[in-house]
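Each chain gets a letter, A, B and so on, in the order the sequences are listed, and its residues count up from 1. Quick caveat: nothing in here was measured; it's all calculated off a predicted structure.
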Number of protein chains: 2
Amino acid sequence: MSDVARLAGVSKMTVSRVMAGRSASEATRERVQRAIDELGYVADAAAGALSSGRSSFVAVLVPSLSSSNFSDTVSGLTAVLEPQGLELLIGDTDYFLDREERLVRQMLRHQPRCIALTGAQHTEATRTLLQRSGVPVVEMWDMPAEPIDMAVGFSNVSAAREIVRYLADKGHRRIGFLGGAGELDRRGLDRLKGYQMEMKALGLERHRVVQLGDSPVTMSHGGPAMAALLERWPDTQAVMCVSDMSAFGAIMECQRRGLSVPRDIAVAGFGNFEIAACCYPAITTVSVDAYGIGQRTGEAILAALAAADGASPQHPAKTRIHYTVVPRESA
Amino acid sequence: MSDVARLAGVSKMTVSRVMAGRSASEATRERVQRAIDELGYVADAAAGALSSGRSSFVAVLVPSLSSSNFSDTVSGLTAVLEPQGLELLIGDTDYFLDREERLVRQMLRHQPRCIALTGAQHTEATRTLLQRSGVPVVEMWDMPAEPIDMAVGFSNVSAAREIVRYLADKGHRRIGFLGGAGELDRRGLDRLKGYQMEMKALGLERHRVVQLGDSPVTMSHGGPAMAALLERWPDTQAVMCVSDMSAFGAIMECQRRGLSVPRDIAVAGFGNFEIAACCYPAITTVSVDAYGIGQRTGEAILAALAAADGASPQHPAKTRIHYTVVPRESA
DNA sequence: TTGAAAGCGCTACCAA
DNA sequence: TTGGTAGCGCTTTCAA
């Protein structure tokens with residue numbers, strides 16, 4: 001920066017101001033800009049952050065980057081935050097809470113202005129870490145009773161109940177559930193819970209549950225899970241799947257077996273991924289606006305930053321995201 | 001850090017050493033650690049980077065995070081770099097070279113130790129920026145004749161030729177190509193080029209090309225593209241698609257029309273995404289080890305860092321990634 | 001093994 | 001509108 005200042009014949013301070021886009025005469029601004037271009041000067045963000053006491057980072061933790069709903073959420077966040085000069089520090093927890101803890105600790109070192117987490121379950125240490133840091137937190141993709149600071153999401157339990165009701169309304173009685181095994185995917189477990197609650201409320205049996213595979217969203221397990229279900233309860237009329245991915249795998253398995261979907265068995269998914277619309281038969285699913293979750297989260301973050309700067313209007317702690325059942329061909 | 005030092009009854013320097021895991025007596029180490037835990041101290045990465053002159057960032061730019069092959073590459077990178085204490089600064093170019101340029105400039109501000117880019121095409125400004133920065137660069141997913149520094153990838157032209165040859169070996173003569181429109185996806189265009197070269201080499205017509213949709217990897221365009229192809233050239237025997245995503249869309253369209261794949265028409269994809277194996281009929285494709293590209297890139301990065309630290313053994317500039325045709329049901 | 005001093009490159013603050 | 005000074009929180013370097 002000294003080099004730029006010398007070349008432009010001004011002080012370092014003036015260079016700093018020009019780069020920040022603050023008050024400077026046209027002539028000065030131009031001279032400085034020319035010097036910057038000539039030298040190919042790129043300011044050091046670490047020095048800036050250290051000096052000003054504020055970074056331009058916003059940390060985002062998602063369970064998986066390869067799941068299109070989470071990458072859509074990241075896109076929504078980017079769309080809102082990038083124009084404000086904020087940068088995303090993206091981390092992938094792999095669905096592990098202790099990995100989340102490690103990443104939170106690591107990202108906190110960079111003094112992010114805000115942290116967006118996926119889900120409402122965190123280790124005690126993570127909560128303590130966040131608390132002590134004072135960094136505002138947004139929890140996404142769920143609707144906890146008591147958010148750490150803010151939450152943008154919806155109740156996976158309620159959404160699952162809705163799709164079960166849809167299947168029941170279609171006249172199905174023997175309805176199964178296909179999901180992932182293991183405690184990793186809390187939102188998947190919530191959907192299972194929704195299935196069980198709604199089946200009970202409807203007075204239907206709720207034991208036709210197959211849980212397979214450790215990774216929560218893979219389509220590869222849909223097929224084997226469907227096979228297991230048909231083996232055990234051949235008279236099943238409809239199946240709700242934890243996600244469109246597993247629904248897809250399940251439907252492909254039906255086709256392999258010469259079963260017609262939905263004539264022989266109805267299949268519903270969750271998430272309204274691209275595949276649900278493209279697949280044949282197209283998959284009946286619950287549509288969740290993943291990109292919108294990112295946008296709303298971005299807005300919550302901006303509000304939190306404005307509040308930290310002394311603006312008064314507080315952002316609501318909970319932002320509820322709408323979901324709708326999308327009837328298609330498969331159920 | 002002063003607080004920690006005071007509480008532990010040592011100097012700041014000793015705290016710094018303990019955190020870096022350098023020489024310190026057991027007793028001191030323990031006392032310092034206790035103080036850190038008690039205060040919930042989290043070191044400031046910006047200050048550390050500024051002081052030491054080296055960050056722990058590695059920048060990675062991919063065209064899209066929602067495409068599973070690129071997120072797999074990111075996973076491979078993470079697996080190799082995270083254990084070394086390096087952090088990924090992940091950016092999404094959306095397939096735009098000028099966005100890549102903006103992101104490179106932005107990331108350079110954080111003094112990354114290395115930058116991994118996707119593809120071999122970059123704006124002049126990007127190249128200048130990288131050159132001046134002196135940061136080592138790895139180009140992924142392609143095999144340029146002259147990498148900026150290092151490249152980890154393969155020739156998309158050759159890979160495409162191989163799958164065309166496979167289709168021709170199956171006895172097909174009237175072979176079409178389904179891909180994305182627009183200049184955005186260079187690797188997609190290379191595959192088209194490979195199709196055209198191989199068809200020419202085989203003495204076959206190479207005009208059955210349908211290009212649809214601006215985003216390169218979406219499955220939604222596969223259906224309409226297949227429809228357009230069948231409309232224009234109804235006697236087409238086989239189709240090569242720019243990716244498994246479009247192949248999937250194309251196959252679903254065939255099923256909608258009551259066409260049997262591969263009996264009525266053969267379809268091949270590219271990439272060996274999860275969907276290619278799960279889909280019915282399973283998709284014949286070119287398998288590329290996306291995760292492996294990430295790992296190899298990570299190793300190239302570590303080698304570059306070691307070299308910068310004065311280690312002598314140079315990493316090869318080009319690392320070729322193998323691909324293989326995977327015969328399945330669809331062709 | 002430990003400590004003291006200097007300084008990394010920038011911005012906040014106040015003065016001109 | 002511009003410049004000088006101080007200092008952000010750490011690590012490097014050298015001395016004890």
Side-chain angles (χ1 to χ4, degrees), chain A residues 1-33 35-36 39-57 85 87 106 108-113 132-135 308-310, chain B residues 1-33 35-36 39-57 85 87 105-106 108-113 132-135 309-310:
Chain A
M1 185 181 261
S2 303
D3 296 346
V4 174
R6 200 175 314 117
L7 184 60
V10 296
S11 72
K12 286 197 324 184
M13 245 348 278
T14 302
V15 175
S16 172
R17 286 203 193 89
V18 168
M19 298 205 74
R22 281 208 287 278
S23 58
S25 72
E26 250 329 298
T28 314
R29 178 185 306 283
E30 206 167 296
R31 252 181 323 136
V32 171
Q33 192 56 54
I36 288 171
L39 295 175
Y41 169 66
V42 176
D44 182 326
L50 179 60
S51 179
S52 67
R54 55 166 46 185
S55 77
S56 56
F57 284 128
E87 298 174 72
Q106 194 176 92
L108 242 21
R109 290 176 28 100
H110 295 287
Q111 316 275 71
R113 304 280 291 279
R132 294 216 226 203
S133 73
V135 176
D309 283 356
Chain B
M1 186 181 261
S2 302
D3 297 346
V4 174
R6 200 174 316 117
L7 184 60
V10 295
S11 71
K12 287 196 325 181
M13 243 350 277
T14 303
V15 176
S16 173
R17 286 203 192 89
V18 169
M19 298 204 74
R22 280 209 289 276
S23 59
S25 72
E26 250 331 299
T28 313
R29 179 184 306 284
E30 206 166 296
R31 251 178 326 132
V32 170
Q33 191 55 55
I36 288 171
L39 295 176
Y41 170 66
V42 176
D44 183 327
L50 179 60
S51 178
S52 67
R54 55 165 46 185
S55 77
S56 56
F57 284 128
E87 298 173 73
R105 191 187 309 275
Q106 193 176 94
L108 241 20
R109 291 177 26 101
H110 295 287
Q111 317 274 70
R113 304 280 291 279
R132 295 217 228 201
S133 73
V135 175
D309 283 355

Check your understanding: Which is the 5'-most and which the 3'-most nucleotide of DNA chain C that has an atom under 4.0 Å from a heavy atom of chain B?
Key -> C:dT1 to C:dG9
Practice item. Tell me what B:Ser2 touches on the nucleic acid: a base, only sugar-phosphate, or nothing, going by heavy atoms under 4.0 Å. Key: nothing
Review point. Given that B:Leu50 and B:Arg29 both sit by DNA chain C, which one's nearest nucleotide is further toward the 5' end?
Key: B:Arg29
**Study point:** Taking every non-hydrogen atom, the tightest pair across A:Ser11 and A:Ala5
**Key:** C-CB, 3.7 Å
Check nucleotides 12-16 of chain D against the protein and report each pair of N or O atoms closer than 3.5 Å, with its distance, or say if there are none.
unit_1	atom_1	unit_2	atom_2	d
D:dT12	OP2	B:Arg22	NH2	3.3

Throw together a table of side-chain donor-acceptor distances under 3.5 angstrom for residues 39-46 of chain B, partners on residues two or more places apart or in other chains.
unit_1	atom_1	unit_2	atom_2	d
B:Asp44	OD1	B:Ala46	N	2.7
B:Asp44	OD1	B:Ala47	N	3.1
B:Asp44	OD2	A:Gln111	NE2	3.3

Point to revise | Side-chain donor/acceptor of B:Ser16 to backbone N/O of B:Lys12, under 3.5 Å | key: no
Exercise for review: Name the residue closer to the 5' end of DNA chain D, choosing between B:Ala46 and A:Gly9 according to the nucleotide with the nearest heavy atom.
Suggested key: A:Gly9
Practice item. Please identify each residue that fulfils side-chain contact (heavy atoms from CB on, under 4.5 Å) with A:Thr28, with sequence neighbours left out. Key: A:Val10, A:Thr14, A:Ser25, A:Arg31, A:Val32
Practice item. Report which part of the nucleic acid B:Ala43 touches: base, sugar-phosphate, or nothing (heavy-atom distance under 4.0 Å, all strands). Key: sugar-phosphate
**Study point:** Pairs satisfying salt bridge (charged side-chain N to carboxylate O under 4.0 Å, His left out), at least one member in residues 13-27 of chain A, at least two apart
**Key:** A:Glu26-A:Arg29
Check your understanding: side chain to side chain donor-acceptor pair (under 3.5 Å) with A:Ser56: which residues, sequence neighbours excluded?
Key -> A:Glu87
Exercise for review: Whole angstrom is fine here: how far is it from CG in B:Asp44 over to P in D:dC8?
Suggested key: 12 Å
Review point. D:dT5 C1' sits how many Å from A:Lys12 NZ, rounded?
Key: 10 Å
Review point. Just checking A:Gly53: base, sugar-phosphate only, or nothing, at a heavy-atom cut-off of under 4.0 Å?
Key: nothing
Check your understanding: Taking only residues two or more places apart in sequence, or in another chain, which ones meet B:Arg54 in a side chain to side chain donor-acceptor pair (under 3.5 Å)?
Key -> B:Asp309
Review point. What is the distance from CD1 of B:Ile36 to C1' of D:dC10, rounded to the nearest Å?
Key: 14 Å
Practice item. Give the rounded distance in Å between these two atoms: CZ of A:Arg109 and P of D:dC10. Key: 9 Å
Revision key, fill the gap. A:Gln111 atom CD is separated from D:dG9 atom P, nearest whole Å, by 8 Å
Point to revise | d(CZ, A:Arg6; C1', D:dT2) in whole Å | key: 18 Å
Practice item. Kindly say if A:Thr14 contacts the phosphate of D:dT2, meaning a side-chain N or O under 4.0 Å from OP1 or OP2. Key: no
**Study point:** For A:Arg132, salt bridge (Lys or Arg N to Asp or Glu O under 4.0 Å) partners two or more places apart
**Key:** none
Check your understanding: Which residues satisfy the side chain to side chain donor-acceptor pair (under 3.5 Å) test with B:Ser133, sequence neighbours excluded?
Key -> none
